Amino acid sequence: MTTASTTSAAPDPTMEAIGHAVAEARAGDSATARQTLLGLWSTIGATGDPLHRCSLAHHMADLHEDPARALAWDIRALDAADALTDQRVQAHHAGLRVAGFYPSLHLNLADDYRRLGSFDAAGEHIRTAREHAPNLPQDAYGALLRTAIEEVAEAVAQRSTAERVQAPGATPHAAGPSRGTPPRLSWQ
């Protein structure tokens, strides 16, 4: 889920609808955004286009402050990413690679599990996020995610279930209210 300066390769009405829901959430209307995304999820289906499922689930997780609900959506996002190909994501945005999605996806899962007190599972996802971190861009966004990985790792080591506070000046990359989790990627 790297961000790139290139533009979308082809119009995709479903990704555009997801983007509109994300914008609604950022504007403060999380309830409408959640309903829109749930409607889209019903249309896409559990076996639909993996890019649509991954993007929608990734953003839907942000709309839940409850870590158990966020976890369910983050698992869906990871499952969908596992079905993605670089060819599919590059058909949407030429600069994307699936490998760049994994650091954020595993980081989000680690934080969900940590918040739920499942520290062994959180640790496994932190290790996986670290393994995939070399796929992050060498820019401010990549640095932000690398920092978040270490912050969540430290919280796991301390056995803390406290909600994370967004770093001062950091701009979340996804929809909805901050649930104190690591910054999310946007590939809209």
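The structure displayed is predicted, hence computed values, not measured ones. Note: hydrogens, waters and symmetry copies are ignored here, and every other heavy atom, side chains too, is used.
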| request: Look up atom CG in N108 and atom CG in L78, then write down how far apart they are to the nearest 0.5 Å. | output: 10.0 Å
| message | List the residues meeting side-chain contact (heavy atoms from CB on, under 4.5 Å) with A143, not counting sequence neighbours, and say none if there are none. | response | none
| Looking at CG of D86 and CZ of R97, how far apart are the two atoms once the value is rounded to the nearest 0.5 Å? | 6.5 Å
| message | Measuring only between side-chain heavy atoms, which start at C-beta, is F119 closer than 4.5 Å to T161? | response | yes
| Taking side chain as C-beta onward, heavy atoms only, is D74 less than 4.5 Å from L105? | no
| message | Just so I know, are the side chains of R164 and V152 near enough to count as touching, which here means a heavy-atom distance under 4.5 Å? | response | yes
| field | Contact list for residues 33-51, test salt bridge (charged side-chain N to carboxylate O under 4.0 Å, His left out), sequence neighbours left out | value | D49-R88
| query | Residues in side-chain contact (heavy atoms from CB on, under 4.5 Å) with R127, at least two apart? | reply | E124
| field | Value rounded to 0.5 Å, distance of CD in Q87 from CG in L84 | value | 11.5 Å
| said: Within the 3.5 Å criterion, strictly below it, is a donor on H125 or D112 matched to an acceptor on the partner's side chain? | reply: no
| field | Residue list, side-chain hydrogen bond (donor to acceptor under 3.5 Å, both in side chains) with E150, at least two apart or on another chain | value | R130
| message | Suppose we screen for side-chain hydrogen bond (donor to acceptor under 3.5 Å, both in side chains). Which residues come up paired with D29, at least two apart in sequence or across chains? | response | T32
| message | Under the rule for side-chain hydrogen bond (donor to acceptor under 3.5 Å, both in side chains), what residues qualify as partners of Q158, not counting sequence neighbours? | response | E154
| Spacing of OG belonging to S55 relative to CE belonging to M15, to within rounding of 0.5 Å | 3.5 Å
| field | Approximate separation, where rounding is to 0.5 Å, of H58 NE2 and L37 CG | value | 12.0 Å
| Between T85 and V98, is any pair of side-chain heavy atoms under 4.5 Å apart? | no
| request: Apply side-chain contact (heavy atoms from CB on, under 4.5 Å) to T43 and list each qualifying residue two or more places apart in sequence or on a separate chain. | output: none
| query | Who pairs with D79 by side-chain hydrogen bond (donor to acceptor under 3.5 Å, both in side chains), at least two apart in sequence or on another chain? | reply | none
| Listed partners of R76 passing side-chain contact (heavy atoms from CB on, under 4.5 Å), at least two apart | W41, A57, A72, W73
| task | Not counting sequence neighbours, which residues clear ring-ring contact (aromatic ring centres under 6.0 Å, His included) with H132? List them please. | result | Y102, H106
| Could you give the distance from CG (L136) to CG (L107), rounded to the nearest 0.5 Å? | 9.5 Å
